[in-house]
Amino acid sequence: MQNFKNLAAATILDAVKEICGDPPVSAEEISSFLEYPPNPEMGDLAFPCFRLSKALRNSPQKIAEMLADKTKTFRYGTTEAAGPYLNIRVSKTYLAENVLTEIEEKGDSYGSSGSGKGKTVVLDYSSPNICKPFHIGHLGTTVIGHSLKLLHQFEGYRCVGINYLGDWGTQFGKEIAAYKRWGDRKVIEEGGVDELVKLYVRYNNECEEHPELKDEARAEFHKLETGDEENTELWKWFVSVSLEEYQKTYKQLGMEFDSYKGESFYTDKMPAQVEKLREMGLLKLDDGASIVDLSEYGMPPCLILKKDGSTLYPTRDIAAAVYRKQEYDFDKCIYVTSSAQSLHFAQWFKVIELMGYDWYSGLVHVPYGTVSIDGEKLATRTGNVVLLRDLFRQSIDKVHEIMKEKNPELAGNEEVAEAVGVGAIVFYYLFNNRIRDINFTLEQALSFDGSTGPYAQYTYARTCSVIAKAKEAGIEAEGGECTHESEEALLKTLSRFGEKVEAAIGDYEPSVITRFIIDVCTAFNRFYRDCPIVTAETDEQRRFRTRLTAATRQVLGTALHLICIKTPEKI
Ligand code: ARG
């Protein structure tokens, strides 16, 4: 089924054909010229006629009049010339016959155009460094990354979500050395990654006074690199202890990865790429280190090998990208990290291009700003880093308190409290344009009024309860009639879902969906305030409004899931 924008564009194209025979524009172009007027009084869409004035050799005003005249018979709306614009208003018939039925027919896939069919996207996100705490700084990469995966999947792309664990490097020499000196297996088995962090911090502190410890750590890492059995076992164990901890957070967010191939996996894949760089004459020696000079492109050099011949972060990323291209033949490979890493990605993307890999243009870096938390003092176990797990726990506890007052029936329900508590943080975070730095208080995120997760989940739960009541009252969700302007406004909002999905993917910006969710909630709550549903006067109204509520529930549910938010039926 066509969306309204395309239908309007096709009608304008027909009118242009009538005016001048051979049309100077295509339907797609017309569709891209169409604007949403700032003021809904002016209509639902506006066509700026100056776009055609050259080709039609006429003033925009005159063209608007001619177009209005030729589009009188537009089946799904009305048109009107307003100065240099043709204003278009969508009709109730279109909304009721097309939008509502389309939502009912398509169900869970409503909003997807399927434009990703046959294409593959690899997404590299979350990717924490093993033996380190999973902190608030990881919130961005984790939820933006996962939401982008869900959005692409929804559009039909084959998606591979990769957790590129930071599981290799000299820090593991320190961790092993520290464990051998002071470690206790039992303590770590019980305390998990926190205990690993403690050992690491202690080792670093002692290194300051006893620099010889650094040599010890280096020796342990060397043993690990050369396959020493004991060290390999320890390293594997550290990885699994850390992952176990991260998994708890992933589970609260309802997410899984398709691959956990971390940095260590690429150890034996780097030499071939280094060799290729050397053969192509791209490597230069700089004070003993091997670099790729990028001064021609206005960037500092990309470091490939240290003085001692060891590899670096960019070296691994280059080898990993080549491997992923071979393994998945991706169309796009998306990396979600803090904007502090923007230069790193720009540099090695350039190196991939210089190496002659023609798929370099499919590499995409999606950066985001910093997060800080104000107001609440968060209880943390490791210094001043705010752990994601602690933030989630604090939020869930607060929800328990709120529910005791608001909805005693659900008091103590951990599943719902978790969905709301975690959802509130994710929603608050994803409401912002990703590149902006954000600072928030739990209080704001948990408010039931305003543009928040709890407000959206509450609205969703409201649609569920209305549907349950309608069912009890024996109202058939069929037919009916659109009679109120709040119904019309709600349908119009729902009809924009597909466009929003496309925009969110196009800009790698989940906040487009978060904001759309608030638009839907606002329109639904207005409708709910203005229009009795189960107790409406006529049977036609009752049916139509029940259908509309079900459609809202459908769209809201899909949209919330696309930004990693769970949808309890009662909150
Ligand atoms: N482990 C890195 C960090 O915590 C992020 C990895 C991002 N992905 C990549 N392919 N470089 O900073």
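All values reported here derive from a predicted model rather than from experimental measurement. In listed order, ligands and their atoms are each counted from 1.
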Let me check something: any side-chain donor-acceptor pairs from residues 423-431 under 3.5 Å, sequence neighbours excluded? List them with distances.
residue	atom	partner	partner atom	Å
Tyr428	OH	Gln444	OE1	2.7

*asked:* Whether Asp390 and Arg393 form a salt bridge (side-chain N of Lys/Arg under 4.0 Å from carboxylate O of Asp/Glu) is what I want to check.
replied: no
*Can we say Lys180 and Glu220 salt-bridge, meaning some charged N sits less than 4.0 Å from an Asp/Glu carboxylate O?*
yes
*Sequence neighbours left out, what pairs pass salt bridge (charged side-chain N to carboxylate O under 4.0 Å, His left out) with at least one residue falling in residues 147-169?*
Lys149-Asp258
*ring-ring contact (aromatic ring centres under 6.0 Å, His included) against Phe330, all qualifying residues, sequence neighbours excluded*: Trp359
*Under a strict 4.0 Å criterion on non-hydrogen atoms, which protein residues are in contact with ligand 1?*
Asp124, Ser127, Asn129, Tyr164, Tyr313, Asp317, Tyr335, Thr337, Gln341, Phe345
*For the pair Phe134 and His138, name the ring-plane relationship: parallel under 30°, tilted 30 to 60°, perpendicular over 60°.*
parallel
